[in-house]
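Everything on this sheet refers to the single structure shown next.
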Amino acid sequence: MLIASSNRIARLQYGPNGFRTLSPGDHVLCAVSGAPIGLDELRYWSVARQEPYASAAIATQAMLDAVPGT
């Protein structure tokens, strides 16, 4: 049986070299901006926080914000 996953948020496990699909879907939401990110466009995430990011700039800012005293 084929499960349709279009227009559904996927649940992923983020690793250092890629991600694994836990629940099927076609996109995730950026942890900072809330913008949808297609799985084929997903390039930035935090393994430690298990969060996806829409761009390198957003990923960098999230990393800086997580460092105490910055």
Side-chain angles (χ1 to χ4, degrees):
M1 174 199 240
L2 182 64
I3 299 174
S5 60
S6 65
N7 208 20
R8 275 184 55 189
I9 296 176
R11 218 170 49 104
L12 306 177
Q13 179 180 22
Y14 303 98
N17 298 316
F19 52 83
R20 188 175 78 147
T21 303
L22 302 175
S23 295
D26 64 346
H27 70 283
V28 292
L29 298 177
C30 175
V32 175
S33 70
I37 310 162
L39 296 186
D40 58 335
E41 299 170 0
L42 180 58
R43 302 286 182 269
Y44 309 100
W45 59 81
S46 168
V47 175
R49 290 186 303 281
Q50 292 293 293
E51 295 178 336
Y53 305 110
S55 70
I58 292 173
T60 301
Q61 190 59 52
M63 182 188 72
L64 293 172
D65 290 347
V67 176
T70 58

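Predicted model, so just to flag it, every value in this text is computed and none were measured. Only heavy atoms go into these numbers, but all of them, side chains included; no hydrogens, no water, no symmetry mates.
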message: Taking salt bridge (charged side-chain N to carboxylate O under 4.0 Å, His left out) as the definition, give me every residue that meets it alongside Arg49, ordered by chain and number, with sequence neighbours left out.
response: Glu51
- line: On a heavy-atom basis, the closest approach of Pro36 and His27 is CB-CD2, 3.9 Å
field: Atom pair CZ (Arg43) and OG (Ser55), whose distance is rounded to the nearest 0.5 Å
entry: 13.0 Å
query: What pair of heavy atoms forms the shortest contact from Leu39 to Ala10, and how long is it?
result: CD1-CB, 4.0 Å
statement: In terms of heavy-atom contacts, Pro52 and Leu42 come closest through CB-CD1, 3.9 Å
task: Return the set of residues passing ring-ring contact (aromatic ring centres under 6.0 Å, His included) with Phe19 (not counting sequence neighbours), or none when no residue passes.
output: Trp45
Hydrophobic cluster of Tyr44, others only, ordered by chain and residue number, side-chain cut-off 4.5 Å: Val32, Tyr53, Ile58
Minimum heavy-atom distance Ala54-Ser33, with the two atoms named: CB-OG, 4.4 Å
statement: Interatomic distance, OH@Tyr14 vs CG@Leu22, rounded to 0.5 Å, equals 9.0 Å
- request: Please lay out, stage by stage, how Ile9 and Asp26 fare under the test side chain to side chain contact (heavy atoms under 4.5 Å, CB included).
  value: CA-CA 6 Å; Ile9 296 176; Asp26 64 346; over 6 Å; no
